[in-house]
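Atom set for the values below is all heavy atoms of this structure, side chains included, hydrogens, waters and symmetry mates excluded. Chain naming here is simple, since letters A, B, ... match the order of the sequence lines and numbering starts at 1 in each. This structure is a prediction, so every number in the text was calculated from the model and none was measured.
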Protein chains: 2
Amino acid sequence: MADDEPNTALLMFVGYRYAEDRIFRSMVEAGFDELTLPQARLFARVQEGGTRLTDLADAAQVTKQTAGYLVEQLERAGYVERVADPADARARLVRASARGEEARAAARVVERQIEDEWTAYLGVRRMRALREALTLLREVTDPFA
Amino acid sequence: MADDEPNTALLMFVGYRYAEDRIFRSMVEAGFDELTLPQARLFARVQEGGTRLTDLADAAQVTKQTAGYLVEQLERAGYVERVADPADARARLVRASARGEEARAAARVVERQIEDEWTAYLGVRRMRALREALTLLREVTDPFA
DNA sequence: ACAAAGTAGTCAGACACTCTGACCATATTG
DNA sequence: CAATATGGTCAGAGTGTCTGACTACTTTGT
């Protein structure tokens, strides 16, 4: 994939990896350690009101077994808890615990910081164009948009 | 990370994952199976004239031990070969074999296809703006630009 | 109403990837 | 030429990932 004219997807990867690394590192520094990258990725998909394991698995594009394993680790580390789904006796909802919400808030701070830095570097106009193009592209690239 | 206003890095991830998945799947279909995603990612970093293990590891952001393991798998599957580095007796250059070059060519076809589809979807102007912004951003996000 | 099919989740087992730490061989530097 | 740095390997442990088989509950079609 690496060429003299790097393809667009690879350019996206570079930006994504930078942000992910930085957010992850800041989390560890802030005391949210015992958290691995795969766990954090899954955790990021947990919605406000709670999310089913299967939905989590779909969103993160892993099998439900893998999602189950990661949720177990997250639960053990105190980031999520599982509650019965009132709408379906088979299902359990995974939702963020108090500690989980703290972690999410910490992550969001760094996300905004990166966003601001990028805007400063590119200028408001280019940043808006970037987000517009990426958002449009999402319609044809995200199966769970 | 998932919010009502998804952050830019996450949008990048969506596009990247789509492209990677599609390229990888097409490779498998084309008979380049026995190739895993981590192996393919490393392989994509192998340069024309050969690349040292350490450089490969840096580029892919894994340890040299991990890179060594992946290269061994790639070698066993016939995608790369290792030759002595004339400039340094400690080092060995990893370079694509004939089969490896075939695989690379196949990947490039799909890459171009995706690029073309995105251009068609966004229009030439938006696609150019996207690439421009991503390329600029790379300067502040890629330690190995 | 109820049998058939589908969906949510778990358990077990195997394999791949990744890391840390310790080490050897060759290069580079003071 | 001794000290330090760099390229790479070996060993061992932990984590993540998958496939396959299973249980329990829900939905659907008659």
Q: Atom CG of L130(A) and atom CZ of R128(A): how far apart are they, to the nearest 0.5 Å?
A: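 Between L130(A) CG and R128(A) CZ, I get 12.0 Å after rounding to 0.5 Å.
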Q: Could you work out how much the helix from dA1(C)-dT30(D) to dG30(C)-dC1(D) bends, comparing the axis of its first five pairs with that of its last five, to 10°?
A: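 The helix from dA1(C)-dT30(D) to dG30(C)-dC1(D) shows an end-to-end axis angle of 40°.
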Q: What does the list of N/O pairs under 3.5 Å between the protein and nucleotides 1-3 of chain C look like, with a distance for each?
A:
none

Q: Where is the tightest heavy-atom contact between E132(B) and R126(A), given as atom of each residue plus distance?
A: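 Nearest pair, atom of E132(B) first, then R126(A): OE2-NE, 2.9 Å.
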Q: Checking all strands, does Q39(B) fall into the base, sugar-phosphate, or nothing category for heavy-atom contacts under 4.0 angstrom?
A: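 Counting heavy atoms under 4.0 Å across all strands, the contact made by Q39(B) is with sugar-phosphate only.
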Q: Of all residues at least two apart in sequence or in a different chain, which pass the side chain to side chain donor-acceptor pair (under 3.5 Å) check with S97(B)?
A: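 Residues passing side chain to side chain donor-acceptor pair (under 3.5 Å) with S97(B): none at all.
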Q: Any chance you could pull the hydrophobic cluster mates of V124(B), using side-chain heavy atoms under 4.5 angstrom and chaining through other members?
A: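 Taking Ile, Leu, Val, Met, Phe, Trp and Tyr as members, V124(B) stands alone, with no cluster partners.
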Q: Name all residues meeting the side chain to side chain donor-acceptor pair (under 3.5 Å) criterion together with E115(B); count only those two or more places apart in sequence or in a different chain, and write none if there are none.
A: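 Testing E115(B) for side chain to side chain donor-acceptor pair (under 3.5 Å), a comparison that skips the adjacent residues, returns T8(A), R131(B).
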Q: A103(A) and F43(A): which non-hydrogen atoms are nearest, and at how many Å?
A: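 In this case the closest contact between A103(A) and F43(A) is CB-CE2, 4.3 Å.
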Q: To the nearest 0.5 Å, what is the distance between CZ (R90(A)) and CG (L53(A))?
A: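 Atom-to-atom, R90(A):CZ and L53(A):CG are 13.0 Å apart.
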Q: Considering only heavy atoms, which members of residues 73-96 of chain A lie under 4.0 Å from some atom of DNA chain C?
A: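 Result for residues 73-96 of chain A: R82(A), R90(A), A91(A), R92(A), sorted by number.
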Q: Would you say T54(A) reaches dG9(C)'s phosphate, i.e. side-chain N/O to OP1/OP2 under 4.0 Å?
A: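 Looking at the OP1 and OP2 atoms of dG9(C), one of them is under 4.0 Å from a side-chain N or O of T54(A).
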Q: Going through the distances and angles, do Q39(A) and Y79(A) end up as a side-chain hydrogen bond (donor to acceptor under 3.5 Å, both in side chains)?
A: CA-CA 10 Å; Q39(A) 286 165 26; Y79(A) 290 98; over 6 Å; no
Q: What range of DNA chain D does chain A touch, first nucleotide to last, counting atoms under 4.0 Å from its heavy atoms?
A: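 With heavy atoms of chain A under 4.0 Å away, the range is dT15(D) to dT26(D).
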Q: Would you check if S26(B) and Q113(B) make a side-chain contact, meaning some heavy-atom pair closer than 4.5 Å?
A: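 Not in contact.
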Q: Could you pull out all residues at least two apart from R22(A) that satisfy side chain to side chain donor-acceptor pair (under 3.5 Å)?
A: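 R22(A) satisfies side chain to side chain donor-acceptor pair (under 3.5 Å) with Y18(A), E117(A) only.
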Q: Once salt bridge (charged side-chain N to carboxylate O under 4.0 Å, His left out) is applied, what residue pairs with a partner in residues 66-75 of chain B remain, sequence neighbours excluded?
A: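 Qualifying pairs, neighbours excluded: E72(B)-R76(B), E75(B)-R82(B).
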Q: Identify each atom pair where a protein N or O and an N or O of nucleotides 18-20 of chain C are less than 3.5 Å apart, giving names and distance.
A:
unit_1, atom_1, unit_2, atom_2, d
dC19(C), OP2, T63(B), N, 3.0
dC19(C), OP2, T63(B), OG1, 3.0
dC19(C), OP2, T66(B), OG1, 2.8

Q: Tell me which pairs pass side chain to side chain donor-acceptor pair (under 3.5 Å) where either residue lies in residues 48-57 of chain B, with sequence neighbours left out.
A: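 Qualifying pairs: R52(B)-D85(B).
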Q: If the condition is side chain to side chain donor-acceptor pair (under 3.5 Å), which residues does T66(A) pass it with, not counting sequence neighbours?
A: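 For T66(A), the residues satisfying side chain to side chain donor-acceptor pair (under 3.5 Å) (neighbours in sequence not counted) are T63(A).
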Q: Does a side-chain heavy-atom distance below 4.5 Å link L37(B) with E20(B)?
A: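 A side-chain contact under 4.5 Å exists here.
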Q: Hey, are E34(A) and R99(A) close enough for a salt bridge, meaning a charged N less than 4.0 Å from a carboxylate O?
A: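 Counted as a salt bridge, because a side-chain N and a carboxylate O are separated by less than 4.0 Å.
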